[in-house]
Amino acid sequence: MDSIYNDLNAPHSMGTTIIGVTYDGGVVLGADSRTSTGMYVANRASDKITQLTDNVYICRSGSAADSQVLSDYVRYYLHQHTIQLGQPATVKVAANLVRMVSYNNKNMLQTGLIVGGWDKYEGGKIYGIPLGGTLLEQPFTIGGSGSSYLYGFFDQVWKEGMTQDEAEKLVVKAVSLAIARDGASGGVVRTVTINKDGVSRKFYPGNTLPLWHEELEAKDSLLDSLSATSPEPMVS
Amino acid sequence: MSRFEESAPARGGFSYDLCKRNEMLMQKGLKPSSYLKTGTTIVGLVFQDGVILGADTRATEGPIVADKNCEKIHYMAPNIYCCGAGTAADTEAVTDMVSSQLKLHRFHTGRESRVVTALTLLKSHLFSYQGHVSAALVLGGVDVTGPHLHTIYPHGSTDTLPFATMGSGSLAAMAIFESKYREGLTRDEGVKLVAEAICSGIFNDLGSGSNVDVCVITKGKREYLRNYMLPNPRTYVSEKGYSFSKKTEVLLTKITPLRELVEVIEGGDAMEE
């Protein structure tokens with residue numbers, strides 16, 4: 001019993017599954033929506049994909065507080081940079097700023113991030129910035145506790161030059177697979193697609209996601225099963 | 001038959017049996033348990049015209065109820081209120097501090113305060129203290145951009161939600177909200193739901209109790225319903241009342257007005273170097 005109380009005071013962390021994928025013409029970022037404090041789900045519909053600029057978004061995982069504050073700082077720096085530069089910031093600059101803050105405060109922060117966006121010089125780009133503050137430019141990257149279950153999946157399914165539709169379907173399928181296996185991921189799947197035409201946000205509620213091995217259909221209420229034909233009472 | 005004495009019920013009064021053992025343990029280095037306040041149920045929800053906040057009124061010091069009717073819904077601005085769970089001193093201090101900062105900001109800008117301003121001030125303060133300021137808050141209000149409801153955790157993370165619960169009774173209250181909440185509630189439905197959620201916390205959580213406080217905030221108006229519900233009245237009150245021993249005798253009743261310390265002089269010369 002006591003462990004439940006201790007957990008309510010535990011730091012707010014996002015178990016999470018976050019994904020960033022490039023396709024021919026842009027990027028697709030995806031995430032689940034569960035924020036947990038110990039064993040309690042503090043927010044079942046959180047938005048882990050936050051905006052840094054019009055054309056650059058960031059997926060957050062790890063400590064909720066650390067990642068929120070880091071995103072706020074980088075948004076502020078990017079805003080200043082855009083004013084000074086006179087042009088929209090590039091994804092590379094955004095990712096580097098995130099990496100600088102993450103690396104220089106590595107002892108105090110506990111957050112893994114994925115920066116993705118589109119700019120006119122390099123097109124769609126994904127940068128992974130895990131714990132410690134490394135910066136890695138990759139065609140796709142996964143993060144969070146649920147990502148452990150997706151490494152093999154991506155190795156098999158990934159291909160260069162997908163269409164936007166293929167990429168979005170891949171991301172939704174991957175997040176839903178991770179949700180099925182990782183206790184710290186759950187809720188809804190959110191995706192953000194960024195290309196030269198702008199940004200498009202999509203939302204997939206839990207009951208629209210495909211069911212995997214041995215998963216049962218979600219029920220709205222346990223009372224529904226009562227209205228189904230009840231078994232005949234035993235007669236001796 | 002001689003076993004009977006061992007199972008006889010204990011006599012009344014303080015049992016000193018464990019005192020020597022406690023002393024021995026303290027000497028060996030065992031620290032006595034510290035007083036924490038974690039009991040509370042606080043909730044908030046967004047309804048069609050604004051937000052409704054609710055809280056219980058029990059303040060605890062370990063297992064003892066220190067205050068049976070405390071106020072957990074704190075004023076931040078005329079259009080923003082904040083419920084606080086966690087260490088009472090921390091919630092009181094942080095909400096007072098941000099309330100003053102908001103007032104100064106209103107003087108500087110000449111505009112009504114926005115909920116996101118209060119949110120950012122609270123979040124930055126709590127983050128910089130890395131969770132040592134144990135304040136878990138439900139912040140709600142209505143400003144020019146509309147109704148807003150946020151939760152703020154001791155480490156500085158925030159969530160924006162249509163309905164939220166915090167404190168030790170949060171699970172009980174959240175169960176009520178998850179089954180009965182829907183968008184576009186009317187004021188009466190909303191208040192009823194909030195009161196129900198707080199009652200769920202009061203009756204099912206040991207750290208919450210006493211009465212229900214509700215605060216309804218809409219555009220241009222707020223209603224602070226202190227002690228909206230009193231579901232725990234004192235059931236037995238002795239008719240005899242309190243009596244004082246006959247030896248207390250009134251010797252003298254005298255009222256002495258305090259002398260004014262400041263003398264105001266009309267006119268007078270301006271100060272000169």
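Predicted model, so just to flag it, every value in this text is computed and none were measured. All values below come from the heavy atoms of this structure, side chains included, with hydrogens, waters and symmetry mates left out. Chain letters run A, B, ... following the sequence lines, proteins first and then strands; every chain starts at 1.
Surrounding CD of Gln80(A) are more than 12 heavy atoms belonging to other residues, nucleotides or ligands, all under 6.0 Å away. Heavy-atom neighbours of His125(B) NE2 from other residues, nucleotides or ligands within 6.0 Å: above the threshold of 12. Under a cut-off of 6.0 angstrom, the local environment of OH in Tyr181(B) is crowded, with over 12 non-hydrogen atoms contributed by other residues, nucleotides or ligands. Counting heavy atoms of neighbouring residues, nucleotides and ligands inside a 6.0 Å radius, atom CD of Gln110(A) does not exceed 12 of them. Within a 6.0 Å radius of CZ in Phe107(B), no more than 12 heavy atoms belonging to other residues, nucleotides or ligands are found. Around the OH atom of Tyr103(A), the shell of radius 6.0 Å holds no more than 12 heavy atoms that belong to other residues, nucleotides or ligands.
Side-chain contact between Phe127(B) and Gln68(A): absent, with no pair of heavy atoms (C-beta onward) separated by less than 4.5 Å. At least one side-chain heavy atom of Glu178(B) sits under 4.5 Å from a side-chain heavy atom of Arg44(A).
Interatomic distance, CD of Gln130(B) versus CG of Asp66(A), reported as 6.5 Å (0.5 Å rounding). Distance CG/Asp159(B) to OG1/Thr35(A): 5.0 Å, rounded to 0.5 Å.
Nearest heavy atoms, Ala65(A) versus Ser157(B): N-CB, 3.4 Å. Listed here is the closest heavy atom pair of Ala42(A) and Tyr153(B): CB-OH, 3.3 Å. Considering all non-hydrogen atoms of both residues, Asp72(A) and Lys123(B) come closest at OD2-NZ, 3.5 Å.
Using a 4.5 Å cut-off between heavy atoms, Met166(B) makes no contact with chain A at all. Heavy atoms of Thr165(B) lying under 4.5 Å from chain A belong exclusively to its side chain.
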Between side-chain atoms of residues 197-205 of chain A and protein atoms elsewhere (two or more places apart, or another chain), which donor-acceptor pairs fall under 3.5 Å?
{"from": "Arg201(A)", "atom 1": "NH1", "to": "Asp47(A)", "atom 2": "OD1", "distance (Å)": "3.4"}
{"from": "Arg201(A)", "atom 1": "NH1", "to": "Asp47(A)", "atom 2": "OD2", "distance (Å)": "3.4"}
{"from": "Arg201(A)", "atom 1": "NH2", "to": "Asp47(A)", "atom 2": "OD2", "distance (Å)": "3.1"}
{"from": "Arg201(A)", "atom 1": "NH2", "to": "Ile49(A)", "atom 2": "O", "distance (Å)": "2.8"}
{"from": "Lys202(A)", "atom 1": "NZ", "to": "Glu168(A)", "atom 2": "OE1", "distance (Å)": "3.2"}
{"from": "Lys202(A)", "atom 1": "NZ", "to": "Glu168(A)", "atom 2": "OE2", "distance (Å)": "3.3"}

